[in-house]
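As structure tokens, the structure follows; a few thoughts come after it.
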Amino acid sequence: MEGCSSATVLLPCILLFSVLLNCKVAAAGDIIGSNQILRDNGSTIVSSGAHFELGFVTVGSSANRYVGIWYKKIAEKTIVWIANREAPLNTSSNLLRLNSNGNLVILNASDDVVWSSNSTASVNNPVVQLLDSGNLVIRDESEKDNYLWQSFDNLGDTQLPGAKLGWNFETGLERYLTSWKSLDDPSPGQYTDHIDRNGFPQLMTRKGSAIASRAGPWNGIRFSGTPNLNPNKIYTYGIVSNDKELYYHYEAVNSSVYTRRVLNPFGQKQRWVWVENTQIWQVYHSGPIDDCDHYRVCGAYGSCNIDKSPVCTCFNGFQPKDKKGWDAADWSSGCARKENLSCVNGEGFVKHSGLKLPDTQRSWFDKNMSLGECEKVCLSNCSCTAYANTDVRGSGSGCLLWFNELIDIREEKENGQVLYIRMAASELAKKGRSKVWFVWIPILMTVTMMCVCLWVIRNKKRNKKKKQTEGITNPYFENGGSIEMGAEDLELPLFDFTTLANATNGFSKYSMLGEGGFGPVYKGMLDDGKEIAVKRLSKDSRQGLKEFKNEVSCIARLQHRNLVKLLGCSVQEGERILVYEYMPNKSLDSFIFDKMKGYTLDWPTRYNMINGIARGLLYLHQDSRLRIIHRDLKASNVLLDLEMNPKISDFGTARICGETETGSNTTRVVGTYGYMSPEYATDGIFSVKSDVYSFGVLVLETVNGKRNKNFAHLDHNLNLLGHAWRTYIDGNVLDLVDEVIEDLSPEHQYEVFRAIQIGLLCVQQYPADRPTMATVVLMLTSELPLPQPKQPGFFIERNVHEGDSSSCSSNYCSVTAIAPR
Ligand SMILES: *[C@@H]1O[C@H](CO)[C@@H](O)[C@H](O)[C@H]1NC(C)=O
Ligand SMILES: *[C@@H]1O[C@H](CO)[C@@H](O)[C@H](O)[C@H]1NC(C)=O
Ligand SMILES: *[C@@H]1O[C@H](CO)[C@@H](O)[C@H](O)[C@H]1NC(C)=O
Ligand SMILES: *[C@@H]1O[C@H](CO)[C@@H](O)[C@H](O)[C@H]1NC(C)=O
Ligand SMILES: *[C@@H]1O[C@H](CO)[C@@H](O)[C@H](O)[C@H]1NC(C)=O
Ligand SMILES: *[C@@H]1O[C@H](CO)[C@@H](O)[C@H](O)[C@H]1NC(C)=O
Ligand SMILES: *[C@@H]1O[C@H](CO)[C@@H](O)[C@H](O)[C@H]1NC(C)=O
Ligand SMILES: *[C@@H]1O[C@H](CO)[C@@H](O)[C@H](O)[C@H]1NC(C)=O
């Protein structure tokens with residue numbers, strides 16, 4: 001009886017022939033037959049090679065149920081297709097079966113049809129089959145290759161190998177990707193990814209009906225605006241264009257190596273690859289990558305170059321349409337010709353190389369014409385503005401003409417194409433005049449020399465890199481497991497923004513660990529269970545993307561056991577995010593200023609911390625190539641690993657954020673009262689000696705267990721430094737020691753005495769009097785006699801230190817970011 005789909009058929013069920021007609025048996029294997037059902041009780045069907053599985057699933061954190069397809073062999077459920085994405089089920093007594101006219105239907109608990117495939121062909125003996133490609137098809141049982149309906153015709157957010165993205169001209173069917181609304185909601189989101197066939201076909205992502213980004217036209221090898229990924233060991237790809245069809249597709253090189261192309265809820269197209277060794281999905285390629293990839297940032301006749309500041313420039317012979325807006329970084333109005341075209345004799349073309357071709361929606365093409373013919377055709381039509389080859393293979397072929405303003409162009413040194421832009425006769429004449437030899441010869445010579453230099457440097461780098469990556473575990477990434485984005489060869493991993501958003505629950509305030517001078521820090525967990533700390537930099541950085549990445553990869557190379565490791569960064573979505581290793585024991589301040597936890601820190605542990613911090617700081621100041629001034633050293637920036645070893649965090653953030661470390665004063669005071677040296681707090685002057693001052697404060701706090709700021713004493717209103725100074729000159733420094741530290745041995749008393757004296761030496765008023773970190777380390781580890789300290793700077797708590805907002809007395813301090821903890 002259990003197999004009966006409805007109580008109303010109970011009676012006929014008694015008769016055997018009726019049983020065969022009306023009662024359904026459970027589906028198995030890779031097929032659901034016309035007399036079978038798939039219940040929402042955990043049953044599934046699995047494709048013949050066990051690559052894909054179909055059944056009822058939930059998505060993300062939502063409780064809704066869907067019929068979906070996922071990878072059978074991957075434990076982390078990775079859904080590649082969903083049938084009822086617009087009609088979620090909220091109970092679990094659902095089922096999936098074929099109905100009488102050969103359509104696949106989903107019925108909810110009250111037997112209402114909530115979703116149906118919409119094939120119109122009728123057939124005698126329909127079956128549903130899940131193929132090993134991940135395609136779900138309805139066909140006649142006897143006709144293997146004639147599909148009446150298939151999931152590959154109704155794509156969701158994922159294009160699997162073998163699926164077509166584009167047009168079937170015979171049926172008028174367009175297959176395109178639609179993003180999910182969010183990671184928890186598979187209903188159609190704002191973004192769609194299409195092959196646009198207005199003019200010369202191009203791949204573009206739309207947000208609603210507006211264009212969000214454009215991969216550009218196919219040039220025979222790739223889309224004009226995408227990096228050249230061929231050849232790779234994971235997939236091959238191409239475009240098929242004939243009378244019947246026009247589509248983009250890709251195929252896996254080895255069907256056991258999974259790869260998928262996804263349009264995510266944020267409008268990014270991501271190529272994922274499953275890495276068997278590490279059991280994680282790795283982003284192989286992703287776009288849009290940067291600001292220049294967003295549609296028409298620079299307006300008409302503007303060209304975007306992410307390495308330049310500002311990123312937009314007008315082509316030669318053009319000028320900003322709206323000079324004011326342009327100067328204020330609003331480039332959307334674009335550029336206009338200095339000399340209008342008039343279609344008189346003498347007009348011609350100027351060649352521009354290294355470009356992503358402009359939007360081709362209003363273009364015309366002929367794949368058989370040569371470039372010479374192309375020029376003639378363009379010249380003869382007054383509304384033609386530019387021409388180019390359609391195909392860049394070999395010496396180039398085909399003709400592509402533009403009839404409108406040229407929009408959405410970017411410069412691409414490595415992969416760019418050649419575009420010929422029509423110019424007025426007078427502009428051409430200007431250009432001709434400037435071609436005087438005495439200008440060109442020196443330029444040519446300089447360029448040649450630079451090229452030779454670059455070539456030599458590059459080769460050196462390459463060789464070095466080859467050596468470094470020998471014996472890597474992951475054979476699919478040429479650059480040793482780093483994620484490749486764009487043409488840069490960065491040595492640090494770029495994290496995917498979505499991954500970080502997921503890891504931190506969408507940067508939720510509950511995941512927040514604290515707020516530093518340059519932005520908040522979140523705790524996150526990656527899909528593989530690894531814990532990370534994620535610092536989301538505030539958006540006011542003026543630094544270019546390239547400098548940013550350079551700085552980050554430099555900083556990431558700093559390695560010392562007393563420094564927190566920088567794991568990588570993310571630059572998507574206009575964000576600048578740093579990813580650090582996560583330190584389970586939190587920061588030093590959570591121990592030394594806490595009476596209960598303070599008990600766990602005996603003197604040797606504290607002394608070990610002081611030594612570790614000193615060595616980490618010495619490395620930053622002197623031993624690392626970069627010579628970094630920390631500028632915000634404080635107890636909350638010293639993190640503790642499981643063995644309570646101190647690790648300095650947040651170093652180099654000033655550099656990463658584009659502030660110079662070499663200068664002596666700064667426009668932006670990043671620091672924390674109580675730790676800032678007098679010259680830095682009042683005049684914005686910083687040097688390694690301001691770090692030494694902060695270190696001195698940290699030493700005294702570690703000994704005493706109280707904050708310098710907010711320090712209170714019954715006998716006087718001095719701060720901690722003043723109090724320490726007083727106990728020092730009164731000769732009873734042991735009074736300064738945290739009362740939770742008991743029974744100091746004579747040997748430890750000697751260490752305490754030295755530590756306090758070194759602390760006082762570090763916080764002296766004048767930078768020149770303070771020792772360098774090299775001297776500090778030497779003093780800590782030897783028994784050299786110590787000099788007498790002079791009175792500390794800021795030894796009386798001053799009223800200006802009330803509150804945490806800045807009250808800098810000098811006009812150097814225009815922006816302040818004070819981070820109390
Ligand atoms: C689901 O229900 C079907 C038919 O009622 C039954 O044959 C199957 O064993 C059930 N599956 C699970 C996983 O309980
Ligand atoms: C499930 O959805 C239906 C409408 O689709 C609604 O009437 C019902 O209240 C929902 N049930 C639950 C438990 O949310
Ligand atoms: C089944 O779907 C119908 C139509 O959408 C709806 O009215 C009904 O409430 C659903 N039943 C359940 C149990 O969700
Ligand atoms: C089937 O449904 C899709 C999407 O709902 C629609 O685009 C397509 O035209 C439909 N096909 C038929 C044959 O009705
Ligand atoms: C395909 O990949 C699998 C798993 O990585 C590997 O075992 C197999 O040898 C590969 N096959 C080919 C033909 O390269
Ligand atoms: C070019 O033409 C536009 C309108 O077609 C006009 O507004 C503009 O002033 C002209 N520019 C020059 C330099 O003649
Ligand atoms: C282009 O050239 C090919 C072969 O050279 C030829 O088959 C085709 O008909 C030509 N197409 C047009 C539109 O002339
Ligand atoms: C120029 O090209 C456009 C677009 O193809 C066309 O509409 C127009 O008729 C052409 N003009 C001439 C004079 O050929």
Side-chain angles (χ1 to χ4, degrees), residues 1-7 9-10 13 19 22-29 31-33 35-46 53-58 65 67 70 72 77 89 91-98 106-109 111 197-200 299-301 314-323 333-347 349 358-367 369 373-388 390 398-406 420-430:
M1 282 317 98
E2 207 211 334
C4 296
S5 59
S6 153
V9 293
L10 216 134
C13 263
V19 171
N22 292 313
C23 295
K24 313 275 185 176
V25 297
I31 284 188
I32 304 175
N35 61 340
Q36 294 178 321
I37 57 173
L38 187 77
R39 281 187 189 282
D40 186 4
N41 64 351
S43 351
T44 59
I45 58 171
V46 176
E53 185 168 17
L54 173 139
F56 286 86
V57 280
T58 58
R65 305 192 67 77
V67 170
W70 60 89
K72 169 77 179 163
K77 206 159 258 180
L89 297 156
T91 54
S92 61
S93 317
N94 315 297
L95 55 87
L96 177 72
R97 66 172 170 84
L98 279 164
I106 299 174
L107 303 180
N108 70 7
D111 268 352
R197 60 191 185 109
N198 294 311
F200 192 55
Y301 297 110
C314 294
F315 284 105
N316 277 340
F318 292 81
Q319 62 199 8
K321 236 179 215 162
D322 164 18
K323 184 85 173 64
S333 56
C335 310
R337 292 176 185 276
K338 289 180 182 161
E339 299 288 338
N340 280 344
L341 296 177
S342 51
C343 211
V344 292
N345 276 346
E347 277 184 0
F349 296 90
D359 191 352
T360 52
Q361 284 185 98
R362 290 185 54 202
S363 65
W364 175 92
F365 66 98
D366 181 332
K367 291 186 179 169
M369 266 160 65
E373 292 167 313
C374 198
E375 177 176 3
K376 274 187 209 142
V377 174
C378 190
L379 203 54
S380 68
N381 185 323
C382 290
S383 45
C384 179
T385 50
Y387 70 93
T390 53
C399 175
L400 177 54
L401 305 178
W402 280 264
F403 292 99
N404 58 336
E405 294 182 312
L406 305 176
Y420 298 85
I421 300 181
R422 188 186 200 123
M423 298 304 285
S426 50
E427 282 290 338
L428 290 174
K430 269 189 226 161

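Each residue takes its place number in the sequence, starting with 1. All values below were derived from every heavy atom in this structure, side-chain atoms included, with hydrogens, water molecules and symmetry-related copies excluded. In listed order, ligands and their atoms are each counted from 1. Predicted, not measured: the structure shown is a model, and the values here were computed from it.
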Exercise. Under 4.0 Å from atom 2 (O) of ligand 6, do we find at least one protein heavy atom?
Worked result: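 It does; a protein heavy atom is within 4.0 Å.
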Exercise. For atom 9 (O) of ligand 6, is some protein heavy-atom partner under 4.0 Å away?
Worked result: no
For this session: Would you please indicate if the ring centroids of Phe315 and Tyr301 are separated by under 6.0 Å?
Result: no
Problem set entry | Side-chain ion pair, Glu405 and Lys321, N-O less than 4.0 Å |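 Result for this pair is yes, salt bridge flagged.
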Problem set entry | Lys338 bridged to Glu427 by N-O distance under 4.0 Å |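 Salt bridge: no.
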Exercise. Counting heavy atoms only, which of Asn41, Ile37, Asp40 comes nearest to atom 11 (N) of ligand 1?
Worked result: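 It is Asn41 whose heavy atom sits nearest to atom 11 (N) of ligand 1.
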For this session: Would you please determine whether Lys338 falls within less than 4.0 Å of ligand 6 on a heavy-atom basis?
Result: yes
For this session: Side-chain contact test, heavy atoms from C-beta onward, threshold under 4.5 Å: evaluate it for Thr44 versus Val46 and give yes or no.
Result: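 They are in side-chain contact.
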Exercise. Which part of Phe403 is near ligand 8, with near meaning a heavy atom under 4.0 Å away: side chain, backbone, both or neither?
Worked result: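 It is the side chain that gets close, since no backbone atom is under 4.0 Å.
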Problem set entry | Pair Phe56-Asn94, side chain to side chain contact (heavy atoms under 4.5 Å, CB included): steps then yes or no | CA-CA 9 Å; Phe56 286 86; Asn94 315 297; 3.6 Å; yes
For this session: List the closest protein heavy-atom neighbour of atom 6 (C) of ligand 8: residue, atom name, distance to the nearest 0.1 Å.
Result: Asn381 ND2, 4.1 Å
For this session: Using distance alone, determine whether Asn340 and ligand 6 share an N or O pair under 3.5 Å.
Result: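 By distance alone, the answer is yes.
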For this session: Below 4.0 angstrom from a heavy atom of Ser43, which ligand 1 atoms are there? Numbered from 1 as shown, please.
Result: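 With Ser43 as reference, the close atoms of ligand 1 come out as 1 (C), 11 (N).
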For this session: Would you confirm whether Thr360, through its side chain, and Phe200, through its main-chain N or O, come within 3.5 Å as a donor-acceptor pair?
Result: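 Pair found, side chain donor or acceptor close to backbone of Phe200.
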